[in-house]
Amino acid sequence: VVDAQTTYPCPAAGSSTSIPGSATLIRVPVISNPNGLCLLVRRDAATGERRAPVARSYAGRGWERSAGLFARTGSGAAVDCSSGSANECDITL
């Protein structure tokens with residue numbers, strides 16, 4: 001389990017950041033740039049294929065679940081922007 005106190009910044013356009021597969025709770029910053037977008041995507045760790053969007057933040061908006069598999073009730077994915085600072089959200093994977 002990764003402590004939610006570790007904040008994973010959104011990487012620069014065209015690059016990515018890996019989060020340990022054991023992570024069940026992560027903290028991510030809200031994207032404040034009015035033209036900014038950050039996506040949290042889950043992929044198959046063994047093959048690197050089958051990517052599925054989990055959550056997104058854009059244009060100063062808090063994180064929200066992305067449309068798709070992880071937006072469904074019961075998927076386990078949850079976004080909480082009330083427990084961190086005003087500029088961070090916790091995401092349960």
Heavy atoms of Pro34 and Ala59 approach each other most closely as O-CB, 3.4 Å
The reported gap from CG in Leu25 to OG1 in Thr92 (rounded to nearest 0.5 angstrom) is 5.0 Å
Determine whether Thr7 and Glu88 make a side-chain contact, defined as any pair of heavy atoms from C-beta on separated by less than 4.5 Å.
yes
In terms of heavy-atom contacts, Thr17 and Pro9 come closest through OG1-O, 4.1 Å
| request: Report yes if the side chains of Pro29 and Tyr8 come closer than 4.5 Å at any heavy-atom pair, otherwise no. | output: no
Value for CZ (Arg27) from SG (Cys81), rounded to nearest 0.5 Å, stands at 10.5 Å
Note, Cys10 side chain near Ile31 side chain (heavy atom, < 4.5 Å): yes
Value for CD1 (Ile26) from SG (Cys89), rounded to nearest 0.5 Å, stands at 10.5 Å
To the nearest 0.5 Å, atom OG of Ser57 lies from atom CG of Asn33 at 10.5 Å
Value for OH (Tyr58) from CG (Asn35), rounded to nearest 0.5 Å, stands at 13.5 Å
So, do Val79 and Ile91 sit near enough that their side-chain heavy atoms are less than 4.5 Å apart? yes
CD1 (Ile19) and CZ (Arg42) are apart, to the nearest 0.5 Å, by 10.0 Å
Correct closest heavy-atom pair for Ser16 and Pro11 would be CA-CG, 3.8 Å
Kindly indicate whether the side chain of Val54, heavy atoms from C-beta on, has any atom under 4.5 Å from the side chain of Leu39.
-> no
Contact between Asp90 and Val28 at the side-chain level, heavy atoms closer than 4.5 Å - yes or no? no
Between Ser66 and Ala55, the two heavy atoms sitting closest are OG-C, 3.3 Å
